[in-house]
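Written out below as structure tokens is the structure these notes cover.
Lettering of chains follows the sequences in order, A, B, ..., and the numbering in each one begins at 1. Since this is a predicted model, take the numbers as computed values, not measurements.
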Number of protein chains: 2
Amino acid sequence: MQLIRIHECLCDRTRLRIIHLLTAGPLCVCHFQAVLREPQVKVSKHLAYLRTRGLVVAERRGNWMVYSLPPRPGRELSAHLACLQDCAREEPALRRDLERRRRLAPEVAGADHCGCGAPARG
Amino acid sequence: MQLIRIHECLCDRTRLRIIHLLTAGPLCVCHFQAVLREPQVKVSKHLAYLRTRGLVVAERRGNWMVYSLPPRPGRELSAHLACLQDCAREEPALRRDLERRRRLAPEVAGADHCGCGAPARG
DNA sequence: TAACCATATTCCTGTTGCGGTATATGAAAA
DNA sequence: TTTTCATATACCGCAACAGGAATATGGTTA
């Protein structure tokens with residue numbers, strides 16, 4: 001049942017934040033690290049988890065890997081993404097993530113970070 | 001984050017079926033056993049899991065325990081229950097459960113089952 | 001080529017959770 | 001009171017998973 005897969009993916013805090021961030025558009029690993037403030041291993045492993053279960057797709061762009069939600073998510077996933085976005089409005093932690101994401105592009109440009117070409121707002 | 005709790009509860013097949021059944025109204029343990037066709041321990045333990053996490057409430061009625069969704073589920077839970085009901089329409093296993101639930105009352109009355117007074121349709 | 005960068009994978013450890021067997025509880029019936 | 005019934009809990013073994021440290025990979029730059 002795909003439903004269970006979806007819930008398995010969303011029952012971890014880091015993965016929930018990742019998926020939520022992706023509802024605002026694609027992101028590369030270094031941006032996840034910056035927004036989530038979590039170590040690279042952790043982010044990378046959760047992305048792999050999500051990838052093998054079809055919740056996200058990845059595309060290589062030079063040195064960077066850009067992750068997005070699947071182009072055509074399917075009915076169940078779409079419903080749950082909408083539900084997540086709805087609920088996220090009242091979750092301070094998730095709002096904060098989105099805020100950090102918005103401020104990301106200039107922040108990264110100024111630092112000696114990756115400076116990758118992934119769009120910062122989808 | 002209550003969101004994570006909800007997903008933890010729904011990421012197991014048995015628990016997903018339990019919650020889905022409860023969207024159609026309260027049910028006692030023996031009815032769960034009959035509809036899910038799962039052993040008593042399994043059902044009981046998953047109900048306990050859901051109970052400690054606030055996804056269901058229980059009320060004793062004589063020998064029987066009647067489980068229901070919380071009377072005032074809160075915004076996040078409500079949203080996810082609606083989402084579940086929406087998705088369930090395309091899940092054969094969940095549709096089948098509902099069908100068994102509908103046919104439950106006469107079935108139980110005829111057998112030497114519990115015959116408990118829990119309403120079969122909420 | 002070598003060095004470097006962003007990311008992925010491997011190995012480890014502790015924790016959680018699932019399923020089953022056996023047993024305990026608590027209310028009702030005999 | 002003892003039995004019976006519906007349900008809950010304790011204990012066990014097993015598999016999945018989370019997090020961290022170290023290392024591997026696969027592209028890019030020098």
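Taking only side-chain nitrogens and oxygens, Arg53(A) never comes nearer than 4.0 Å to OP1 or OP2 of dA16(D).
Pairs of residues two or more places apart, or lying in two chains, that qualify as ring-ring contact (aromatic ring centres under 6.0 Å, His included) and include a residue from residues 68-101 of chain A are His7(A)-His80(A). Applying the salt bridge (Lys or Arg N to Asp or Glu O under 4.0 Å) test to pairs two or more places apart or on separate chains, none has a residue in residues 62-73 of chain B. A salt bridge (Lys or Arg N to Asp or Glu O under 4.0 Å) check over residues 46-56 of chain A, counting only residues at least two apart or in different chains, returns nothing.
Of the candidates dA8(C), dG20(D), dA18(D), dG20(D) carries the atom nearest the Pro39(A) side chain, counting heavy atoms from C-beta on. Of the candidates dT9(D), dT9(C), dC17(D), dT9(C) carries the atom nearest the Ser44(A) side chain, counting heavy atoms from C-beta on.
Scanning both residues, Arg101(A) and Pro26(A), for their nearest heavy atoms gives NH2-O, 3.0 Å.
When the C1' atom of dT9(C) is taken as reference, atom CE of Met65(A) falls 13 Å away, rounded to whole Å. In this structure, the CZ atom of Arg37(A) is 18 Å from the P atom of dG19(D), given to the nearest Å. Remark: P of dC17(D) and NZ of Lys42(A) are 16 Å apart, rounded to the nearest angstrom. Between the C1' atom of dG19(D) and the OH atom of Tyr49(A) lies a distance of 15 Å, rounded to the nearest Å. When rounded to the nearest whole Å, the span between CH2 of Trp64(A) and P of dC4(C) equals 17 Å. Atoms CD (Glu38(B)) and P (dG19(C)) sit 7 Å apart, rounded to a whole Å. Between the CD atom of Gln33(A) and the C1' atom of dC5(C) there is a distance of 12 Å, given to the nearest Å. As a whole-Å value, the separation of Leu47(B) CG from dT7(D) C1' is 10 Å.
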Footprint string (nucleotides 24-30 of chain D, 5' to 3'): B base within contact, S backbone only, - free, heavy atoms under 4.0 Å
--BBS--
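One finds a salt bridge joining Glu99(B) and Arg103(B) here, because a Lys/Arg side-chain nitrogen approaches an Asp/Glu carboxylate oxygen to under 4.0 Å.
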In a table with atom names and distances, give each donor-acceptor pair under 3.5 Å that connects a side chain of residues 86-94 of chain A to protein atoms at least two apart or in another chain.
{"residue": "Asp86(A)", "atom": "OD1", "partner": "Arg89(A)", "partner atom": "NH2", "Å": "2.8"}
{"residue": "Asp86(A)", "atom": "OD1", "partner": "Arg75(B)", "partner atom": "NH2", "Å": "2.6"}
{"residue": "Glu90(A)", "atom": "OE2", "partner": "Arg75(B)", "partner atom": "NE", "Å": "3.0"}

List, one per line, each side-chain donor-acceptor pair under 3.5 Å for residues 14-23 of chain A, sequence neighbours excluded.
{"residue": "Arg15(A)", "atom": "NE", "partner": "Cys9(A)", "partner atom": "O", "Å": "3.0"}
{"residue": "Arg15(A)", "atom": "NH1", "partner": "His46(A)", "partner atom": "ND1", "Å": "3.2"}
{"residue": "Arg15(A)", "atom": "NH2", "partner": "Glu8(A)", "partner atom": "O", "Å": "3.1"}
{"residue": "Arg17(A)", "atom": "NE", "partner": "Asp97(A)", "partner atom": "OD2", "Å": "2.7"}
{"residue": "Arg17(A)", "atom": "NH2", "partner": "Leu36(A)", "partner atom": "O", "Å": "3.4"}
{"residue": "Arg17(A)", "atom": "NH2", "partner": "Asp97(A)", "partner atom": "OD1", "Å": "2.9"}
{"residue": "Thr23(A)", "atom": "OG1", "partner": "His20(A)", "partner atom": "O", "Å": "2.5"}

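For the contact set between residues 4-19 of chain A and DNA chain D, defined by any heavy atom under 4.0 Å, the members are Asp12(A), Arg15(A).
Nucleotides of DNA chain D nearest to Val43(B) and His46(A) differ in position, and the one nearer the 5' end is that of Val43(B).
Side-chain atoms of Gln40(B) stay outside donor-acceptor range of the base of dA6(D), with no qualifying N/O pair under 3.5 Å.
Take Val57(B) and apply the side-chain contact (heavy atoms from CB on, under 4.5 Å) test, not counting sequence neighbours, and it matches Ser68(B), Pro70(B), Pro71(B). Residues meeting the side-chain contact (heavy atoms from CB on, under 4.5 Å) test with Glu59(B), sequence neighbours left out: Arg61(B). Take Glu38(B) and apply the side chain to side chain donor-acceptor pair (under 3.5 Å) test, not counting sequence neighbours, and it matches Lys42(B).
Arg60(B) places a side-chain N or O within donor-acceptor distance of the main-chain N or O of Gly62(B), the cut-off being under 3.5 Å.
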Between the protein and nucleotides 10-15 of chain C, which nitrogen or oxygen pairs come in under 3.5 angstrom?
none

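Within the 4.0 angstrom heavy-atom criterion, only backbone atoms of the sugar-phosphate kind lie near Tyr67(A); the bases stay farther away.
Contact annotation: the side chain of Leu84(B) approaches that of Leu3(A) to within less than 4.5 Å [non-hydrogen atoms, C-beta and beyond].
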